[in-house]
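Working notes for the structure below.
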Amino acid sequence: MDAQVITDYAVIIVNYGDPALVAGNVGADVDADDGALVVLVDNFHSAATRRDAAALCEERGWLLVTSRNDGFGAGVNRGVEAARDRGHRTFITVNPDASASAEVLRELARHVADAPMTLVSPFMDSGDGRPHFRGARMHRRTGQMRSGWAADAEEPEWVNWLSGACLAFSAQAMELLGGFDEDYFLYWEDVDISRRAADLGMRLELRPDLRIVHDEGGTQTSSARTKSPTYYFYNIRNRMLFGRRNLRGREWARWVMASPRQSALIWMQGGRKQAFSEPEGLLAACRGFLAGLTQIFRRPPSSGRSAPQRTVSPHASRRERPLRVTVAIPSYRRPERLANLLAALPERLEEVPDSVIEVLVIDNDPEASARDVVTGTAPQARYVHEPTPGISAARNRALDESRGSDLLAFVDDDEIPRAGWLSSLVEVWRRHHATAVAGRLISLFEQGTDPWILASKTFYRSQRPTGTPLPAASTANLLLDLAQVQQLNLRFDEALGLSGGEDTLFTRQLVDRGGSLLWCNESEVEDTVASSRLTREWAAQRAFSAGNGLVNVDLRLAPTSTRRLALRGKYLLGGTARVAAGMARHRYGRARSHLEHDARGLRTFHRGRGMLAGARGHLYHEYARA
């Protein structure tokens, strides 16, 4: 095949922690290569590093794939899937601590495009120019590792394997292999995929003419010679996992018998002195050995070579069938507004092609007042009655009723979606494989609205660039990936059903558990604010409720009683400061006839009051029913 034809390739980088390491190792020549797609798979470390990863991808024009911290193999599988969705058919894994030129990457891509049943790695050097990887071998009976490459005829007891630090493969090979085995989490997954590829008749090749730099340990935190505790634990544990996956009978027995010595050799890479200088490494090695021993009690796969035990990507099973979406509308005694929303939805739903969309109305009125509205306005919609009081019960009912769908889109019964509302949410979800995507809520006001209300910014909501990670979000315009929500074991807290804040708690838990919550600035819904809310009394109540809800959500998320006590102290001080500063600003605004200082100062005052009440244990029921 003509090398000039091969222009597209995807670089899959699985990141955990500070993405600055990746930023320094991917050169400008890769960014400038029109055929290159850099896919940064961010395994969740913290909300701050997730934001940094998103900012880096936005700046460099890379594709961000957000993921829970499911390990290297799972990250590669998700990155490959995202690149395949963009039309790419050749892929190259590159470690965050490795640096490769666009010229080398293009040649690796050409190699596997010409020979799709081949896995290929380049030679790798350390940062100081010393040889780092020239191929590797594993002893068939013990799992002992050696560097270098062997001809099978010369050394039949040793088998070759390629490093995942830089490994090129085709879509055809990945389909046949079933992806990386995600059970390894870290280490040995490249040994495993090399072994499975060889068993299937694929070729493993090295390219001595291609060189990259791999500063191994750039993602480690141990000393120069020793490895990290994570390295010791997973290397020792996964050696046994590999044996259980691939060996039977006497071979498996010999592998088990060799485990104490091989585990010691893995730990001894750091020298005996580390037992005293870095004892946590020895403890991790012992834990890895014990975890590996549990493989003895597990049943082997049913046939000689097992397929990888993959965690199925939430997108994998959706490629060959229409996307299933449920649009959920929790409703409570707003018949006219609900009717307007139901009438506006069909045009919006037509904007999402190749999908099956169901409209679900959850009536939270004990008297089932929305039934006639749904029957008369949108008979094609599905109506369910949830008599348990509170918005949390209605939202949980939506989760339960939409279990057969891929996505769940929440929209409130007093909103009207604008053009592109749902299609924009779905597009961001497809692009980033996000757990949740939040869109804009735009408030519209009646003529003659009190200027004080507008100056208070009670209804102001900030905008962000699309793709920005969020720490929390409202459910007023929110799309959920139901498979990921189920994996994270998320529900709305029904204790907050009449107070509000249930959506903040839900989305904060989503992020804390490793899910991704992204912003979509193109998705817009309108909310014409009811006249009953356009009063100063309502604005003050809303500010009190917001402050109270913030404290109660934080207290519910606190892991220990000590942390809750510290939060109470923090909010007692913070609430007091807001009460004082808010009242001072309010009085200053009144004295100077400055409407913004007057209004926003009073809002700050009441927000502080709400925080003080929350710190003392009071939960304000903003939506209490008579």
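Each residue takes its place number in the sequence, starting with 1. The structure displayed is predicted, hence computed values, not measured ones.
- With hydrogens and angles ignored, the 3.5 Å screen pairs no side-chain donor or acceptor of Thr475 with any backbone N or O of Leu478.
- Side-chain N or O atoms of Asn15 include one that pairs as donor or acceptor with a backbone N or O of Gly17 at under 3.5 Å.
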Between Asn396 and Glu494, is the side chain to side chain donor-acceptor pair (under 3.5 Å) condition met? List the steps. CA-CA 9 Å; Asn396 284 332; Glu494 298 199 9; 3.3 Å; yes
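- Between the Asp363 side chain and the Ser369 main chain, a donor and an acceptor come within less than 3.5 Å of each other.
- Aromatic ring orientation, His385 versus Tyr383: parallel (interplanar angle below 30°, classes split at 30° and 60°).
- Thr49 places no side-chain N or O within donor-acceptor distance of the main-chain N or O of Asp18, the cut-off being under 3.5 Å.
- Residue Leu479 is tested with Leu422, Leu518, Leu408 for a side chain to side chain contact (heavy atoms under 4.5 Å, CB included); the sole match is Leu422.
- The neighbour count for Glu446 CD, taken as heavy atoms of other residues, nucleotides or ligands under 6.0 Å away, is above 12.
- Pairs engaging residues 449-477 under the salt bridge (Lys or Arg N to Asp or Glu O under 4.0 Å) rule: Asp450-Arg536 [sequence neighbours left out].
- In this structure a side-chain-to-backbone donor-acceptor pair under 3.5 Å is present from Asn364 to Glu386.
- Heavy-atom minimum distance, Ala47 versus Val511: CB-CG1, 4.4 Å.
- Remark: Arg587 CZ is loosely packed, at most 12 non-hydrogen atoms of other residues, nucleotides or ligands lying under 6.0 Å away.
- When ring centroids are compared, Tyr231 and Tyr187 come within the 6.0 Å threshold.
- Listed by first then second residue, pairs satisfying ring-ring contact (aromatic ring centres under 6.0 Å, His included) with a partner in residues 498-533 read Phe492-Phe506, not counting sequence neighbours.
- Smallest separation of non-hydrogen atoms from Thr326 and Ser402: OG1-CB, 3.6 Å.
- Checked against a 6.0 Å centroid threshold, the rings of Tyr16 and His45 count as neighbours.
- Residues Leu40 and Leu56 share a closest heavy-atom pair of CD2-CD2, 4.3 Å.
- Looking only at distances, a side-chain donor or acceptor of Ser392 sits under 3.5 Å from a matching main-chain atom of Asp493.
- Between Tyr620 and Phe544, the ring planes are perpendicular. Angles over 60° get that label, and only those under 30° would be called parallel.
- Taking 4.5 Å as the limit, some side-chain heavy atom of Leu490 sits within range of a side-chain heavy atom of Leu510.
- The two residues Glu522 and Ser424 come nearest to each other via the heavy atoms CB-OG, 3.6 Å.
- Using a distance-only test at 3.5 Å, with no hydrogens or angles considered, a donor-acceptor pair links the side chain of Ser523 to the main chain of Trp421.
- Counting only residues at least two apart or in different chains, side-chain hydrogen bond (donor to acceptor under 3.5 Å, both in side chains) contacts with residues 51-60 comprise Asp31-Arg60.
- Here the side chain of Thr435 pairs no donor or acceptor atom with the backbone of Gln484 at under 3.5 angstrom.
- Distance OG1/Thr504 to CZ/Arg556: 12.5 Å, rounded to 0.5 Å.
- Arg590 places no side-chain N or O within donor-acceptor distance of the main-chain N or O of Asp598, the cut-off being under 3.5 Å.
- Looking at every heavy atom in both residues, Val428 comes nearest to Thr466 through CG2-CG2, 3.6 Å.
- In this structure, Arg237 contributes its side chain and Ala291 its backbone to no donor-acceptor pair below 3.5 Å.
- For Tyr623 and Tyr332, the ring centers are positioned 6.0 Å apart or more.
- Here the closest non-hydrogen pair linking Pro330 and Val411 is CD-O, 3.7 Å.
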Start with the C-alpha gap between Thr562 and Thr560, add the side-chain angles, then the distance that decides, and say whether side chain to side chain donor-acceptor pair (under 3.5 Å) holds. CA-CA 5 Å; Thr562 301; Thr560 64; 4.6 Å; no
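- Shown here is Arg563, whose CZ atom has no more than 12 heavy atoms of other residues, nucleotides or ligands within 6.0 Å.
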